[in-house]
Amino acid sequence: MIVIDREKCIGCGQCVSDCPADRLKLEEGKAVYTPECIQCGHCVAVCPVRAVAIPEYDMDEVEEYDAEKFHLEPEHFLHALKFRRSIRRYKDQHVEQEKLERILQAGRYTETAKNRQGCRFIVVQEHLEEFKDLLWEEVPRMAESIKKTMPHYSMLFKFMYRKRRKDRADDGLFFNAPVCVVIGAENTLDAGLAAANMETMAVAEGLGVLFDGYLQSVVEACPKAKEWLGIPDLPAACCMLLGYPAVTYRRTAPRKKADIQWK
Ligand SMILES: Cc1cc2nc3c(=O)[nH]c(=O)nc-3n(C[C@H](O)[C@H](O)[C@H](O)COP(=O)(O)O)c2cc1C
């Protein structure tokens with residue numbers, strides 16, 4: 001539901017022009033809303049006099065545009081993106097709650113298809129050891145179940161399991177990261193976009209991330225783990241490890257030439 005304050009509305013028509021669902025029109029010089037829409041909030045964001053509200057959301061969270069904060073030097077941004085690395089070596093250091101909360105905000109504010117906002121973020125820090133034990137216990141069964149369909153992965157998971165049994169610290173699924181974030185989502189692109197922004201935010205906080213496809217496959221194949229995480233009903237779309245990097249990269253990693261066609 002969109003609510004327009006008729007007293008405040010100056011009838012500029014900005015919300016009408018910007019509404020992707022065409023649910024707003026001008027009547028007698030005032031914006032009028034006809035349900036239903038996807039509540040994307042463009043009408044709230046574009047209104048010059050703050051006359052529009054979506055009561056279902058927390059309107060106190062809406063921020064005014066701040067040119068100083070918004071300024072991102074393109075060269076600097078690209079440099080930061082090039083220097084982001086997948087981190088597989090972490091310091092034994094707790095990650096502060098405030099940092100995790102800002103990283104989650106980056107995920108929460110990421111765009112989603114149909115503005116569904118359907119990602120569920122599970123942050124495992126306090127009970128990480130319990131989660132690890134639960135998951136590793138499931139690995140032999142999971143490896144056995146894919147023996148025929150994916151023999152290479154089956155062998156790899158068995159190998160990883162044996163290594164970890166010998167030495168708990170040799171953990172090819174969790175890499176001794178202090179935090180694991182799982183994103184449950186029906187739409188995997190939604191989860192991926194959120195995860196990418198969360199990674200950039202983590203880097204800005206001095207942290208490092210690893211998107212862990214192997215971990216994600218094990219979680220997805222393990223109903224017990226999904227139950228434990230509270231996503232029995234949702235695909236585990238993304239598993240990311242997070243922590244302070246115990247490695248310093250001095251230069252960018254080389255890349256293939258981009259496969260681009262200009263037409
Ligand atoms: C979706 C996804 C899944 C990945 N899964 C794993 C994984 O299971 N184990 C691992 O060590 N690295 C994993 N990686 C990291 C990639 O190997 C890494 O991004 C790539 O080698 C490039 O290195 P960079 O991220 O440091 O630039 C994954 C990356 C992505 C994007």
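Computation of the quantities below employed the complete heavy-atom set of this structure, encompassing side-chain atoms and omitting hydrogens, waters and symmetry-equivalent molecules. Whatever order the structure lists them in is the order used to number ligands and atoms, beginning at 1.
- Gly213 N, 3.6 Å is the protein heavy atom nearest to atom 7 (C) of ligand 1.
- Of the heavy atoms in Leu210, only side-chain atoms (C-beta onward) come closer than 4.0 Å to ligand 1.
- One N or O on the side chain of Lys30 and one on the backbone of Arg6 form a donor-acceptor pair closer than 3.5 Å.
- Side-chain contact between Leu128 and Val179: absent, with no pair of heavy atoms (C-beta onward) separated by less than 4.5 Å.
- Look at Met240 and you'll find every heavy atom at least 4.0 Å from all atoms of ligand 1.
- For atom 4 (C) of ligand 1, the nearest protein heavy atom lies closer than 4.0 Å.
- Between Asp133 and Arg164 there is a salt bridge, since at least one side-chain N of the basic residue sits less than 4.0 Å from a carboxylate O of the acidic one.
- Under the 4.5 Å side-chain contact rule for hydrophobic residues, Leu241 and Leu135 share a cluster.
- Contacts with ligand 1 closer than 4.0 Å are made by no heavy atom of Lys82, backbone or side chain.
- Of all the atoms in ligand 1, the ones that sit under 4.0 Å from a non-hydrogen atom of Arg85 are 24 (P), 26 (O), 27 (O).
- Between Tyr244 and Tyr90, the gap from one ring centroid to the other reaches at least 6.0 Å.
- With respect to atom 22 (C) of ligand 1, the closest heavy atom belonging to the protein is Arg255 NH2, 3.8 Å.
- Heavy-atom separations between Arg84 and ligand 1 include at least one value shorter than 4.0 Å.
- At a threshold of 4.5 Å between non-hydrogen side-chain atoms, the residues Arg23 and Cys19 count as touching.
- Atoms of ligand 1 lying under 4.0 Å from at least one heavy atom of Tyr214, given by number and element, are 8 (O).
- Counting atoms of ligand 1 from 1 in the listed order, those under 4.0 Å from a heavy atom of Phe175 are 11 (O).
- The aromatic rings of Tyr214 and Phe157 stand perpendicular to each other, their planes meeting at an angle above 60°, with 30° marking the opposite boundary.
- Phe211 O, 3.7 Å is the protein heavy atom nearest to atom 29 (C) of ligand 1.
- Among protein heavy atoms, atom 19 (O) of ligand 1 sits closest to Ser86 OG, 3.1 Å.
- A distance of 9.5 Å separates OH in Tyr109 from CD in Gln117, rounded to the nearest 0.5 Å.
- In terms of protein heavy atoms, atom 16 (C) of ligand 1 is closest to Arg88 NH2, 3.7 Å.
- Comment: Glu129 engages Arg168 in a salt bridge, judged by a side-chain N to carboxylate O separation of less than 4.0 angstrom.
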